[in-house]
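This report refers to the structure that appears directly beneath it.
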Amino acid sequence: DAGVIQSPRHEVTEMGQEVTLRCKPISGHNSLFWYRQTMMRGLELLIYFNNNVPIDDSGMPEDRFSAKMPNASFSTLKIQPSEPRDSAVYFCASSLGLRGQFGNEQFFGPGTRLTVL
Amino acid sequence: AQSVSQHNHHVILSEAASLELGCNYSYGGTVNLFWYVQYPGQHLQLLLKYFSGDPLVKGIKGFEAEFIKSKFSFNLRKPSVQWSDTAEYFCAVTLDTDKLIFGTGTRLQVFP
């Protein structure tokens, strides 16, 4: 298995531009997570999906951020408009969420390093 | 709010030294506990996890962690570190959902 795939690996953009980050989870996994990592705040969960449905988006910073999961093999995280404080590494992770069981191992992608100038 | 504390932000050791990284969480109920590692330039990988049973958990690469419920702790240990253990280590907890709450991480540097 190729693992969790994220694209692009690096993104440099200017303030005000729209940014779209993409994630392909491990085949067969039914939970998908978006995290943001910064020096100041560490690793933060932004949103997670189960069976393509958003379960908890309480970590999404503000309305500029949106995430979708149109099918089991693809998710996007969009920032519009982007700001310099959005600069971070964004990780996607997936897991096989078994019914009635929590805390299943999450497998992380390589991350997208976003720089907003 | 639930939180995870890692008090050691940066640890520097020589090879063969013993390692213990602290992790404390604030939640009185049932928890699942994890240690993840992030090698330089790589993504996070699971080192070990505790769900129930024996509070002493053994993971990959010689790491182990002990769950002490009375202390709300899940410290990571390794008897003898190697240069290749240089990485950032994250403690994490889930409560009754799949949401992982991470600590701020501990950066470990091992010198030959």
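In what follows, every heavy atom counts, from backbone to side chain, and hydrogens, waters and symmetry copies are set aside. Throughout, protein chains are lettered first and strands after them, A, B, ... in sequence-line order, and every chain is numbered starting at 1.
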- Query: So which of A:G109, A:G59, A:A93, A:S95 has the largest heavy-atom pair count under 4.5 angstrom toward chain B?
  - Reply: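 Most heavy-atom pairs within the cutoff with chain B belong to A:G109.
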Rounded to the nearest 0.5 Å, what separation is found between the [atom1] atom of [X] and the [atom2] atom of [Y]?
X: A:F107; Y: B:L46; atom1: CZ; atom2: CG; value: 7.5 Å
X: A:R41; Y: B:F102; atom1: CZ; atom2: CZ; value: 15.5 Å
X: A:L43; Y: B:E88; atom1: CG; atom2: CD; value: 8.5 Å
X: B:K99; Y: A:D56; atom1: NZ; atom2: CG; value: 4.5 Å
X: B:T94; Y: A:Q106; atom1: OG1; atom2: CD; value: 8.5 Å

- Task: State whether the number of non-hydrogen atoms from other residues, nucleotides or ligands found under 6.0 Å of B:D54 atom CG is greater than 12.
- Result: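 Above 12, so yes.
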- Message: Other residues, nucleotides and ligands only: do more than 12 of their heavy atoms fall within 6.0 Å of CZ on A:R64?
- Response: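 Yes, CZ of A:R64 has more than 12 neighbouring heavy atoms, counting only those of other groups under 6.0 Å.
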- Task: Go through the atoms of A:E44 and report whether side chain, backbone, both or neither lie under 4.5 Å from a heavy atom of chain B.
- Result: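 Neither part.
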- Please flag which part of A:T38 lies under 4.5 Å from any non-hydrogen atom of chain B: side chain, backbone, both or neither.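 Interface part for A:T38: neither.
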Which donor-acceptor pairs under 3.5 Å do side chains of residues 3-14 of chain A form with protein atoms, sequence neighbours excluded?
| unit_1 | atom_1 | unit_2 | atom_2 | d |
| --- | --- | --- | --- | --- |
| A:Q6 | OE1 | A:C92 | N | 3.0 |
| A:Q6 | OE1 | A:G111 | N | 2.9 |
| A:Q6 | NE2 | A:Y90 | O | 3.0 |
| A:R9 | NE | A:G111 | O | 3.4 |

With a 4.5 Å cut-off on side-chain heavy-atom distances among I, L, V, M, F, W and Y, is there a chain of contacts connecting [X] to [Y]?
X: A:I79; Y: A:L45; answer: no
X: B:I60; Y: B:L108; answer: yes
X: A:Y35; Y: A:L32; answer: no
X: A:F65; Y: A:L114; answer: yes
X: A:L21; Y: A:F91; answer: no

- Message: Heavy-atom cut-off 4.5 Å, strictly under: side chain, backbone, both or neither for B:Q45 against chain A?
- Response: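 Contact with chain A: none, neither part.
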- Task: Give me the contact list for residues 4-17 of chain B versus chain A, heavy atoms only, anything under 4.5 Å, ordered by residue number.
- Result: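 None at all.
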- Of all heavy-atom pairs between B:H43 and A:F108, which one has the smallest distance, and what is that distance?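 That would be CD2-O, 3.2 Å.
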- Query: Of the listed residues (B:L33, B:L100, B:T104, B:V31), which shares the most heavy-atom pairs with chain A below a 4.5 Å separation?
  - Reply: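 Top option by heavy-atom pairs under 4.5 Å: B:L100.
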